[in-house]
Amino acid sequence: MRFVYPARLRRHGPNEVVVSFRDLPECLTSGIDESDALAEARDALEEAIAGRIDDSEAIPEPSRRETGEYLVAVPTPMAAKAALVLVCRETGLSQSDLAARLGMDQPSISRILDPKLPTPADRLNQALRALGQEPVVEVQERPSA
């Protein structure tokens with residue numbers, strides 16, 4: 001699972017650059033220039049993924065980047081949380097089942113899966129590993145459009 005989405009930047013007037021995501025049409029933001037717009041895009045993308053988790057909506061697989069688009073990564077903690085949610089959905093694993101696998105109580109699992117609450121990285125890694133997943137952080141140079 002990769003959580004890096006293509007974004008299109010479009011100038012809207014002299015002091016605004018609008019950012020949109022094909023894969024997440026509800027995710028729109030803007031900034032005063034490209035750099036500011038891309039920083040805002042990261043925050044907006046995190047909120048869009050959190051909203052989809054909250055509303056039990058599908059989290060789409062990122063499309064391939066097209067010419068003129070930028071790649072924007074979901075912040076690592078939210079990406080790990082989204083991966084955990086997706087694995088639970090795909091396997092049909094309930095919160096109770098996950099709690100049993102991790103030796104935790106139901107409220108602790110609810111907090112881990114809540115996109116509004118911070119979760120320590122080691123706790124997310126532990127949960128993903130218990131489901132046969134290996135979290136990997138990748139660092140790469142940001143391509144230009």
Side-chain angles (χ1 to χ4, degrees), residues 1-12 15-66 68-140 142-143 145:
M1 288 174 238
R2 292 192 75 213
F3 296 93
V4 182
Y5 290 87
R8 185 158 306 275
L9 278 64
R10 172 178 100 256
R11 180 141 307 273
H12 186 75
N15 295 317
E16 185 177 31
V17 176
V18 175
V19 183
S20 61
F21 294 87
R22 293 185 270 129
D23 299 316
L24 299 152
E26 72 276 16
C27 188
L28 292 168
T29 191
S30 66
I32 58 172
D33 57 26
E34 280 188 9
S35 178
D36 185 47
L38 287 169
E40 293 295 331
R42 188 171 156 85
D43 291 341
L45 186 55
E46 181 175 34
E47 288 300 317
I49 297 297
R52 286 187 174 235
I53 292 170
D54 242 359
D55 297 338
S56 298
E57 293 179 359
I59 299 171
E61 189 172 319
S63 298
R64 294 185 78 140
R65 181 173 76 96
E66 294 178 354
E69 290 181 324
Y70 292 80
L71 291 175
V72 179
V74 174
T76 303
M78 184 59 68
K81 200 167 279 217
L84 181 58
V85 167
L86 286 175
V87 171
C88 288
R89 287 179 187 173
E90 290 168 5
T91 61
L93 196 69
S94 69
Q95 287 190 19
S96 298
D97 295 334
L98 183 58
R101 281 197 191 187
L102 295 173
M104 295 179 178
D105 60 17
Q106 179 85 24
S108 295
I109 296 301
S110 292
R111 284 191 297 277
I112 289 173
L113 295 173
D114 188 332
K116 295 182 208 96
L117 297 177
T119 303
D122 63 332
R123 179 87 30 124
L124 287 166
N125 292 343
Q126 175 191 15
L128 285 163
R129 287 188 181 112
L131 299 178
Q133 304 297 309
E134 184 63 35
V136 176
V137 175
E138 180 180 324
V139 178
Q140 61 185 20
R142 183 184 318 184

Atom pair [atom1] ([X]) and [atom2] ([Y]), whose distance is rounded to the nearest 0.5 Å:
{"X": "Leu86", "Y": "Lys81", "atom1": "CG", "atom2": "NZ", "value": "13.5 Å"}
{"X": "Gln95", "Y": "Met104", "atom1": "CD", "atom2": "CE", "value": "12.5 Å"}
{"X": "Leu84", "Y": "Leu113", "atom1": "CG", "atom2": "CG", "value": "5.0 Å"}
{"X": "Phe3", "Y": "Glu46", "atom1": "CZ", "atom2": "CD", "value": "12.5 Å"}
{"X": "Asn15", "Y": "Asp33", "atom1": "CG", "atom2": "CG", "value": "9.5 Å"}
{"X": "Thr29", "Y": "Leu45", "atom1": "OG1", "atom2": "CG", "value": "10.5 Å"}

Item to complete: I would like to know whether Glu26 and Arg52 meet salt bridge (charged side-chain N to carboxylate O under 4.0 Å, His left out); could you show each step before the answer?
Response: CA-CA 10 Å; Glu26 72 276 16; Arg52 286 187 174 235; 2.7 Å; yes
Carboxylate-amine/guanidinium proximity below 4.0 Å for Glu134 and Arg129 |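 Salt bridge present between Glu134 and Arg129.
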Salt bridge or not for Glu66 and Arg8, using N-O below 4.0 Å?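 Answer for the salt bridge query: yes.
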* Listed partners of Leu93 passing side chain to side chain contact (heavy atoms under 4.5 Å, CB included), at least two apart ->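 Leu93 satisfies side chain to side chain contact (heavy atoms under 4.5 Å, CB included) with Cys88, Thr91, Asp97, Leu98, Arg101, Leu131 once adjacent residues are dropped.
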*Considering residues at least two apart in sequence or located in another chain, which fulfil the side chain to side chain contact (heavy atoms under 4.5 Å, CB included) criterion with Pro120?*
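For Pro120 the side chain to side chain contact (heavy atoms under 4.5 Å, CB included) partners, ignoring immediate neighbours, are Asp122, Arg123.
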- Would Ser96 and Gln106 count as a side-chain hydrogen bond (donor to acceptor under 3.5 Å, both in side chains) if you check the C-alpha gap in whole Å, the side-chain angles of each, and the deciding distance to 0.1 Å? CA-CA 6 Å; Ser96 298; Gln106 179 85 24; 3.0 Å; yes
side-chain hydrogen bond (donor to acceptor under 3.5 Å, both in side chains) against Arg111, all qualifying residues, sequence neighbours excluded
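Result, side-chain hydrogen bond (donor to acceptor under 3.5 Å, both in side chains) vs Arg111: Ser108.
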